[in-house]
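Notes for the one structure printed next.
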There are 2 protein chains.
Amino acid sequence: MDKDGQMARGRATAEMVARQANVSRVAVSRAFNSHTSLKPEKRELILRIAQELNYTPDRAARALVSGRTHLIGVIVPDVCSYWESQEIDALTTALQNEGFATLLFKTRSDFSMDEKLLAYMRGFNPDSVIAFMENVRPSTLVRFLDRAVPIYVHYPHPDAEDDGEDGPLYDRLNVLQHGGIDQAVALLQGYNTRRIVYLSGAVKSRSNVAREKMLRTVMAARGLPPPRVVIGDYSYDTAYAATIDLFRVGDGADAIFASNDVSAFGVIDALRHELGLRVPEDVKVVGFDDIAQSHWKSYDLTTVKFDLSERVRALVRLILRRLNEPDAPALQETLHTSLVVRGTVG
Amino acid sequence: MDKDGQMARGRATAEMVARQANVSRVAVSRAFNSHTSLKPEKRELILRIAQELNYTPDRAARALVSGRTHLIGVIVPDVCSYWESQEIDALTTALQNEGFATLLFKTRSDFSMDEKLLAYMRGFNPDSVIAFMENVRPSTLVRFLDRAVPIYVHYPHPDAEDDGEDGPLYDRLNVLQHGGIDQAVALLQGYNTRRIVYLSGAVKSRSNVAREKMLRTVMAARGLPPPRVVIGDYSYDTAYAATIDLFRVGDGADAIFASNDVSAFGVIDALRHELGLRVPEDVKVVGFDDIAQSHWKSYDLTTVKFDLSERVRALVRLILRRLNEPDAPALQETLHTSLVVRGTVG
DNA sequence: ACCGAGAATGAACACGTTTTCACTTCGCGT
DNA sequence: ACGCGAAGTGAAAACGTGTTCATTCTCGGT
């Protein structure tokens with residue numbers, strides 16, 4: 001493969017395909033970007049030859065002129081965190097199907113701002129950014145990404161401070177926590193559960209704030225006293241220690257709402273293996289997320305779930321729409337939660 | 001920012017920096033790629049102005065001329081799989097520190113070849129590829145990636161069929177399974193355990209083959225009869241069902257070697273919650289990997305571990321070396337395993 | 001004051017596309 | 001036969017950088 005098209009650097013170029021097919025290089029470009037007119041038989045010939053030569057338009061060159069890299073930056077504090085790994089997994093599949101690819105970055109695990117990382121990521125020119133940084137305001141984020149379209153991922157209700165007069169300033173995915181939490185509280189109420197404790201996640205994170213707030217609202221609406229709050233950080237180990245502390249030093253509880261499934265596992269293990277209590281007979285436990293492990297027999301956790309695939313579909317829809325119409329008004333989609341009843345309650 | 005440097009598309013260009021600093025555009029390029037000579041004060045001025053303008057060399061343009069994208073393709077069947085998510089996490093951090101970024105792709109979950117995906121990934125021109133595709137030979141993989149340098153990730157011993165006369169044909173990371181497995185078998189032998197069962201992973205996967213083979217070798221060397229083999233696929237659910245089947249229909253066992261930690265969890269849960277057996281009193285269980293959940297109280301798993309961070313360091317070292325010296329002879333590094341003793345044995 | 005070597009500099013080209021803009025060809029109605 | 005839009009075509013200009021090569025500058029030694 002070195003007679004006239006030099007096959008430099010190992011990849012075929014549009015020039016070679018053109019020569020082989022007796023067409024101009026422009027025709028080759030047109031064959032791949034269908035929106036301009038080109039005689040059908042010609043396109044067919046070009047595509048066949050391209051296939052033969054294993055040719056694909058070079059993405060760097062394409063990005064240079066079009067300004068689109070087809071990369072979606074994903075910033076995440078911890079890939080191992082089960083919920084997030086599930087989301088990354090689904091997201092990668094979905095983006096792949098739409099001609100994009102996931103560009104993964106890791107940030108500090110406290111959900112806070114990381115200017116250094118953001119600048120670094122910006123250098124790769126992602127077309128859009130999905131940030132798992134719950135403590136950062138969108139307006140702060142957007143200042144560091146001039147060209148990219150940021151989608152700020154979080155779970156709570158719309159945040160008034162980030163809204164303009166005519167609605168939200170940025171595309172947003174909202175999760176209405178009400179449904180699942182209300183079902184859970186109703187279920188507990190049915191068992192005459194009295195002392196309900198909320199084990200928090202990372203205190204300042206938006207999802208944690210939203211979950212606690214909604215829990216208070218729901219309990220008040222049902223005529224229950226507000227829950228006691230124990231500080232956690234979404235991790236197994238902290239939940240484990242906090243639970244022991246709650247029962248050894250504190251007043252104990254009849255039911256514990258954990259801010260996510262992983263910390264619910266910590267709660268359950270502390271109750272059973274350290275405190276000698278039974279779940280659900282002595283203490284009932286509810287989690288958030290419904291990750292894959294929640295149905296494992298050792299835990300069999302009752303938890304507040306929302307549909308992951310639905311969420312990812314919505315997210316990809318938002319991203320694609322924004323890329324096609326950069327100046328369209330900000331959009332938001334709303335998802336709902338529901339309760340998955342398993343063995344840790346009832 | 002539109003007086004002469006037009007700030008097109010939102011990003012500053014080298015041209016603008018040059019104009020602002022009264023230098024030629026070439027000088028700006030030199031200031032960023034230090035290997036050519038440039039008056040120090042000039043470089044300083046340029047870098048200062050660049051910072052002011054928030055300028056970074058465009059990676060697409062840079063890739064176009066240099067042929068380097070600084071992207072490392074990572075192909076993985078399942079991001080949620082805990083061991084792999086841990087590896088992706090560590091890898092992303094390490095690559096980030098070296099000026100690269102992780103480009104994530106998802107493939108079929110049976111570890112087999114996926115030409116479609118490979119062609120798709122090739123389109124993004126990654127500088128190197130890390131593939132979690134244990135059923136695919138490196139030689140097959142390399143056929144689909146003309147320019148990229150593939151690193152084939154697997155756990156077993158060197159595979160003779162992929163070696164040339166003067167050693168291995170490709171860079172490789174080998175894991176010597178012997179240490180941890182031998183310790184585990186010795187421990188079981190100490191308890192006079194007789195009927196040992198190996199619960200396989202995905203049957204054709206290299207890591208599974210290597211683990212089973214080494215288990216046989218070690219047991220033979222210690223004068224034990226070969227283990228019975230039960231078919232699994234690395235998943236919790238399959239392990240759960242297979243264990244029930246083993247005890248209800250089959251002969252049962254005194255100890256079960258699970259091919260990874262997740263399936264060990266499935267084994268434990270089936271024994272305790274479905275078959276009413278005690279672990280470790282009635283049946284002992286050993287896993288592979290030592291993922292984060294293995295120390296959780298519900299499982300407290302004894303398992304064969306090797307150092308993840310050491311592994312990732314070695315991997316990154318291999319990649320960087322290959323990028324700097326594309327024609328250097330193939331290199332291999334070897335890692336060792338050890339046993340982490342917890343509650344499921346003894 | 002002069003020469004020469006090495007450092008510093010900038011013009012021009014290369015990288016592989018997409019897009020614009022004239023130009024040619026084609027088919028069809030009068 | 002003529003004209004006239006529409007469809008098809010290719011030359012040339014971007015896109016933003018790295019690199020080569022010839023030129024200019026600097027400075028120490030005679």
Side-chain angles (χ1 to χ4, degrees), chain A residues 4-46 50 53-70 99 122-125 127 146-147, chain B residues 4-46 50 53-70 99 122-125 127 146-147:
Chain A
D4 43 353
Q6 303 80 3
M7 198 59 150
R9 240 190 270 158
R11 278 181 58 103
T13 112
E15 184 65 41
M16 302 180 203
V17 177
R19 206 169 313 183
Q20 192 95 9
N22 266 328
V23 240
S24 84
R25 196 186 51 258
V26 186
V28 178
S29 172
R30 286 208 236 277
F32 278 84
N33 315 311
S34 43
H35 50 76
T36 334
S37 53
L38 181 68
K39 211 182 275 182
E41 50 198 88
K42 206 168 189 175
R43 143 166 300 131
E44 213 167 316
L45 171 68
I46 292 177
L53 262 54
N54 214 350
Y55 166 79
T56 304
D58 185 301
R59 276 204 136 93
R62 196 176 242 185
L64 187 56
V65 47
S66 74
R68 289 281 163 81
T69 58
H70 286 242
R122 196 180 68 99
F124 284 90
N125 276 349
D127 286 346
D146 11 45
R147 199 180 56 79
Chain B
D4 43 353
Q6 305 77 4
M7 199 55 154
R9 241 192 269 157
R11 279 181 58 104
T13 109
E15 184 66 41
M16 301 181 204
V17 178
R19 203 169 316 182
Q20 192 95 9
N22 266 329
V23 232
S24 85
R25 198 184 49 72
V26 186
V28 178
S29 172
R30 285 207 237 276
F32 279 84
N33 315 312
S34 42
H35 51 76
T36 333
S37 53
L38 181 67
K39 210 181 279 181
E41 49 198 84
K42 205 169 189 174
R43 145 168 299 130
E44 211 167 316
L45 171 67
I46 292 178
L53 262 53
N54 214 349
Y55 167 78
T56 304
D58 185 302
R59 277 202 136 95
R62 197 176 241 184
L64 186 57
V65 48
S66 74
R68 288 281 163 82
T69 57
H70 285 241
R122 195 180 69 99
F124 283 91
N125 276 351
D127 285 347
D146 11 45
R147 197 179 57 79

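Lettering follows sequence order; numbering is per chain, from 1.
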Checking contacts here: which listed nucleotide ([options]) is nearest the side-chain heavy atoms of [X]?
X	options	answer
K39(A)	dG10(C), dT9(D), dC15(C)	dT9(D)
K42(B)	dT17(C), dT17(D), dG10(C)	dG10(C)
R25(B)	dT17(D), dG16(D), dT20(D)	dT17(D)
Y55(A)	dG18(D), dT17(C), dG10(C)	dT17(C)
L64(B)	dG10(D), dT18(C), dG16(D)	dG16(D)
P57(A)	dT17(C), dA11(C), dA8(C)	dT17(C)

Gap between atoms [atom1] and [atom2], on [X] and [N] respectively (whole Å):
X	N	atom1	atom2	value
F32(B)	dG18(D)	CZ	P	9 Å
R62(B)	dT17(C)	CZ	P	21 Å
I46(A)	dG10(D)	CD1	P	9 Å
D58(B)	dC15(D)	CG	P	12 Å
H70(A)	dT18(C)	NE2	P	10 Å

Report yes if the side chains of [X] and [Y] come closer than 4.5 Å at any heavy-atom pair, otherwise no.
X	Y	value
T13(A)	D58(A)	no
Q20(B)	Y55(B)	no
T56(A)	R11(A)	yes
H70(A)	D127(A)	yes
V23(B)	R30(B)	no

Exercise. Think S24(A) has a side-chain N or O under 4.0 angstrom from the OP1 or OP2 of dA11(D)?
Worked result: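 The answer is no; no side-chain N or O of S24(A) sits under 4.0 Å from OP1 or OP2.
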For this session: Taking only the side-chain nitrogens and oxygens of S29(A), find out if one of them lies under 4.0 Å from OP1 or OP2 of dT17(C).
Result: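 It does not, given that no N or O in the side chain of S29(A) lies less than 4.0 Å from OP1 or OP2 of dT17(C).
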For this session: Have a look at R59(B) and say if it touches a base, only the backbone sugar-phosphate, or nothing, with a 4.0 Å heavy-atom cut-off.
Result: nothing
Problem set entry | First encountered from the 5' end of DNA chain D, between A60(B) and V26(B) |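 Result of the comparison: A60(B).
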For this session: Go through the N and O atoms of the side chain of R43(A) and the base of dG8(D), and report whether any donor-acceptor pair is under 3.5 Å.
Result: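 A donor-acceptor contact between them is absent.
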For this session: On DNA chain C, check which nucleotide each of A61(B) and N22(B) is closest to and give me the residue with the more 5' one.
Result: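 Result: N22(B).
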